[in-house]
Visitor: 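Below: one structure in structure tokens.
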Amino acid sequence: MANYLDISHVSMEFPTKNGPFKALDKVNLKIERGEFISLIGHSGCGKSTVLNIVAGLHQATEGAIILEGKEVNQPGPDRAVVFQNHSLFPWLTVYENVEIAVKQIFKGKKSRAEIKQWVEHNLQLVHMSHALHKYPAEISGGMKQRVGIARALAMEPKVLLMDEPFGALDALTRAHLQDSLMEIQAELNNTVILITHDVDEAVLLSDRIVMMSNGPAATIGEVLHIDLPRPRDRLVLADSPEYNHYRAEVLTFLHQKQAKPDVPMTNKGQQSAPENAQGAPVKKPPELKQVVGG
Amino acid sequence: MQSQAQSFMHHTIRYMNLAGFSWLTPVVRLAMGENPREQAQEIARRIGLPLAAILMFLAFWSTAAAQIDTSLGKFPGPAAVYAAGQSLWQDHQASREKETAFYQRQEDRNAKKLAANPDAEVKIRPFTGAPTYVDQIFTSLKTVFTGFIFASVIAIPLGVACGLSPLLNTAIAPIVQVLKPVSPLAWLPLVTMVVSAVYVSEDPLFPKSFLNSAITVTLCCMWPTLINTAMGVANIDKDLINVGRVIQLNWFTQVRKIAVPASLPAIFTGLRISLGIGWMVLIAAEMLAQNPGLGKFVWDEFQNGSSESLARIMFAVVTIGFIGFVLDTVMLSLQKMVAHDGEQQH
């Protein structure tokens, strides 16, 4: 078994009034153990659907997900999910939010003291030890997302699935969390699938960037290997020609090859003026530069 | 020192907000010496203004009352109602004194009997005086809470089930919509007949009038809790459910640990509306069922038709309103305590 996770010929149809709508068409992706994959594409291209199928939250119409040689089609803690909107239980404290998962998953396998230690260890990993007994409403958006990551890590997943985990955060907080994630990744070497809109995030974090074509019947357009040495430093990379080359490739794919029909075609993706990008998730270059510089 | 006093003040203010006394916060702030001018303005706005409105209302009431002649004399103004309240309180105290004296006499007699003959059989007879106004208030409260608890026990689980299953919800929605607006006065005769037929016992634990009133309250006040619970459960954030699926909680744990806590704020909103309706319905139910509470008090005074009756009824009106207000405040505090907006502290 060469492949750790195999997304094999996955197609997805949603029933609608006008007959079935084909969202995904034969998505094929093989992922190695410890690989960090980003899925990038325009809104509505079915990135989240792929992730939900891997998580077992949706059932593929065709094809299968094979994890370590076994087909998986139910949700489970071996494929932990970090949701975009943190999804912490608001009536539980930070500690209890992680504990509820740990207790359920390691029932009978860990003693009470071990559970406590494991919960605290994972919260320490995301630098949240100072707020164990706060409620989600009492901490910032970035902190909530850290707790969401700790909860997923605490499940000891075979694959960590992240659905635009930093999408709702401001640029500076996002940068902090990306650094934290790289730190954790260096330590644990998890297999990760990350969904993102953010080109810099994808280049900075990934081993491979999987670019998806536009729907309907979306599928994998191109796969880009990122051969940047780790650990990666955003400040160093900001001036690196390789980094900018990777960035340009992704931008070209998104804004030229797969330009949204409602966005006027431009030759230089980076120059696409924000006023042209009505409703389309085109990143504004000046903002991104600030992130890289800060 | 300063910061300790500050934290004491913030704690006090938070608890007062929770308990519905937010209008007192400027007084606390003033007492702690915080910006007197601003606090004085705040007091004038939050306490002075309502107080002025109450005074105006009393003045209006008293002039209007003086214009209305009824067959039982003039319509009672505030002063007459206050006097009626005082006389009800004196009646209550007098009755309590009588009761104590009554039991004291029996005990003395029994003690004497036992002294003469240690084997004598002694009895304590219960006091049979008419219930006082205060007793009637407590009967009403007991009845409304019994009905309210019945309603909650039925409505919350049913609401959770409806929220979880759109099919069940669609199925029973029309039934709920039709039963919801039915007046307690329409239910009561049916309830009375059913209770008389079904609840036959030599030594009944509850009087029938009590059950009739409580069940009528149940029938009228369960709907808001049912509807709110169903809505709360149905609208839980899908991601929270998905978290439960990822960690593979079984169905029952999913309901207990996710669905119910997530919809607790909605459930408590429903409970608060239910208790409000229950209290309103209770008075009508007690009138017809002759349950010895405030409703019966009003009815008896109406039938009695003495010169004091109208003032007593008016005093009952004020009491009913005030108790309703207190019940609502208590429910609002509970509602705030279970809200997930970060206000709560363990």
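Here is how names work: the chains are called A, B, and so on, in the same order as the sequence lines, proteins then strands, and each is numbered from 1.
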Visitor: Less than 4.5 Å apart, any side-chain heavy atom of B/Asp239 and any of A/Gln84?
Guide: no
Visitor: Taking atom CZ of A/Phe21 as the centre, report whether more than 12 heavy atoms of other residues, nucleotides or ligands fall under 6.0 Å from it.
Guide: yes
Visitor: Can you confirm whether A/His127 is buried at NE2, in the sense that more than 12 heavy atoms of other residues, nucleotides or ligands lie under 6.0 Å from that atom?
Guide: yes
Visitor: Given 3.5 Å as the limit, does a donor-acceptor pair link the side chain of B/Gln248 with the main chain of A/Pro75, or not?
Guide: yes
Visitor: Any non-hydrogen side-chain atom of A/Met155 less than 4.5 Å from a side-chain atom of B/Val246?
Guide: yes
Visitor: How about NZ on A/Lys110, more than 12 heavy atoms from neighbouring residues, nucleotides or ligands closer than 6.0 Å, or not?
Guide: yes
Visitor: So which heavy atom on A/Leu88 is nearest to which on B/Leu240, and how close?
Guide: O-CD2, 3.6 Å
Visitor: If we only count heavy atoms from C-beta on, is the B/Leu264 to A/Trp91 side-chain gap below 4.5 Å?
Guide: no
Visitor: Looking only at heavy atoms, which two atoms of A/Gln104 and B/Ile247 are closest? And how far apart?
Guide: CG-O, 3.0 Å
Visitor: Please look at B/Lys238 and chain A and tell me whether the side chain, the backbone, both or neither of the residue comes under 4.5 angstrom of a heavy atom of that chain.
Guide: neither
Visitor: Using non-hydrogen atoms only, which part of A/Ile105 is less than 4.5 Å away from chain B: side chain, backbone, both, or neither?
Guide: side chain
Visitor: Go through the atoms of B/Ile258 and report whether side chain, backbone, both or neither lie under 4.5 Å from a heavy atom of chain A.
Guide: both
Visitor: Quick check on B/Phe150: does its CZ atom have over 12 non-hydrogen neighbours (other residues, nucleotides or ligands) under 6.0 Å away?
Guide: no
Visitor: With a sphere of 6.0 Å drawn around NZ of A/Lys103, does it hold more than 12 non-hydrogen atoms of other residues, nucleotides or ligands?
Guide: no
